[in-house]
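Order of appearance sets the numbers: ligands from 1, and atoms from 1 within every ligand.
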Amino acid sequence: MKRIIVTGGAGFIGSNFIFYMRQAHPEDRLICLDKLTYAGNLSTLAPVMGDGNFRFCKTDICDREAVYRIFEEEKPDIVVNFAAESHVDRSIENPSIFLETNIIGTSVLMDACRKYGIERYHQVSTDEVYGDLPLDRPDLFFTEETPIHTSSPYSSSKASADLLVLAYHRTYGLPVSISRCSNNYGPYHFPEKLIPLMIINALHDEPLPVYGAGLNVRDWLYVEDHCKAIDLVIRNGRVGEVYNIGGHNEMQNIEIVRLICDRLHKPESLITHVTDRKGHDLRYAIDPSKIHRELGWLPETKFADGIEKTIDWYLKHEDWWQPIVTGEYRNYYERMYGNR
Ligand code: NAD
Ligand code: DAU
């Protein structure tokens, strides 16, 4: 039985991780720390709230006193840090909260791990720390040895956190690991991100805002496959190591949007090309051979099945996304897309 702190568990991947862990390791105690920012949604966690082996704490990971108190009470064996500001466009609009949460928050969590002792601190990072790859070199992939070379305030803050994590390992001997995953998709994905945004706009017969020509490439992985990979890394991954996670599933943005139109029987005339994202990364592509070789991980969900399940989930869970897209999100949408 492990006692596991999961930060950012009211967000997209963190909540999917909590659901996965509840099934896979029902004996473990899970303690979720989440500040409940605009991206955190307590209703998502309703299915586990009454579970005696689950505790939710509304906590900012930058709040040292609160974090230490929870460590003192719970004496965790493992910490998995999902908590972050995660949206590139918001980081371009205003970087400062990204530096606070993604860098300072990470250091507070690791300081708590040093103070109270820990079996493993795991940092959930991103392939964006490697920057981008050219569109005309399909032979190139990100490996764990690819130099860090970031483009946005978001990816720079995540890369900074990664460097801190490795520094805490070398300097203090903290038992850390890092995973760098490609783009996730699946249930509970916040509507500001490409796939849910396009599904929800298409359902409302609203324009589908594709940045630039839509030829940028992302490597999509079903969220549950990411959760399984993290579970393997925290239990069997080597301390001090970085593991890339990705499904060799590269697609252009425009292909994804066309596919969503097709599945929802909506006309492609809804597609509207808008001003490109500043500094827009061209292509992400992960080489996941290390995690396959060392831990036996392979993605299990094919994109054709995963996107079907995801669209179906959004069709059936309007009660989850409707309150989000009618609230403060409308101001965000207007700011981001109104004059684009
Ligand atoms: P998300 O934005 O959906 O959720 C983030 C969660 O963190 C929210 O619940 C939010 O309330 C919480 N949070 C934010 N600031 C906090 C703070 N200061 N203290 C405590 N909680 C705070 O993000 P996501 O897409 O689920 O991403 C989770 C992690 O995975 C992030 O670290 C992200 O960098 C990484 N990641 C995401 C993807 C992806 O495709 N979404 C891919 C690779 C890595
Ligand atoms: O690669 C992992 C990263 O994936 C994570 O670290 C980030 O947290 C996560 O947000 C995601 O970043 P992206 O920037 O790749 O995801 P996003 O969904 O914002 O955009 C995907 C692509 O679609 C990107 O090329 C920009 C484009 N796009 C996005 C939106 C929201 C559009 O063309 N139109 C849109 O309206």
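W320 and Y188 have perpendicular rings, their planes meeting at more than 60° on a 0 to 90° scale where under 30° would count as parallel. Aromatic ring orientation, Y329 versus Y333: tilted (interplanar angle from 30° to 60°). In this pair, F190 and Y38 present their aromatic rings perpendicular. The plane angle is above 60°, beyond the 30 to 60° band.
Between atom 34 (O) of ligand 1 and the options F82, W220, F98, Y154, the minimum heavy-atom separation is to Y154. In the candidate list S86, G8, A84, A84 is nearest to atom 5 (C) of ligand 1, counting heavy atoms.
Not a single heavy atom of G9 sits closer than 4.0 Å to an atom of ligand 1. Ligand 1 does not have T7 within reach: every non-hydrogen atom of the residue lies 4.0 Å or more from it. Distances from ligand 1 to the non-hydrogen atoms of S182 include at least one value under 4.0 Å.
A salt bridge is defined here as a Lys NZ or Arg NE, NH1 or NH2 lying under 4.0 Å from an Asp or Glu carboxylate O, and K309 with D312 fails to meet this definition.
Of the protein's heavy atoms, F12 N, 3.1 Å lies nearest to atom 3 (O) of ligand 1.
With ligand atoms numbered from 1 in the order given, ligand 2 contributes 5 (C), 6 (O), 7 (C), 8 (O) to contacts under 4.0 Å with heavy atoms of Y154.
In this structure, D219 contributes its side chain and I286 its backbone to a donor-acceptor pair below 3.5 Å.
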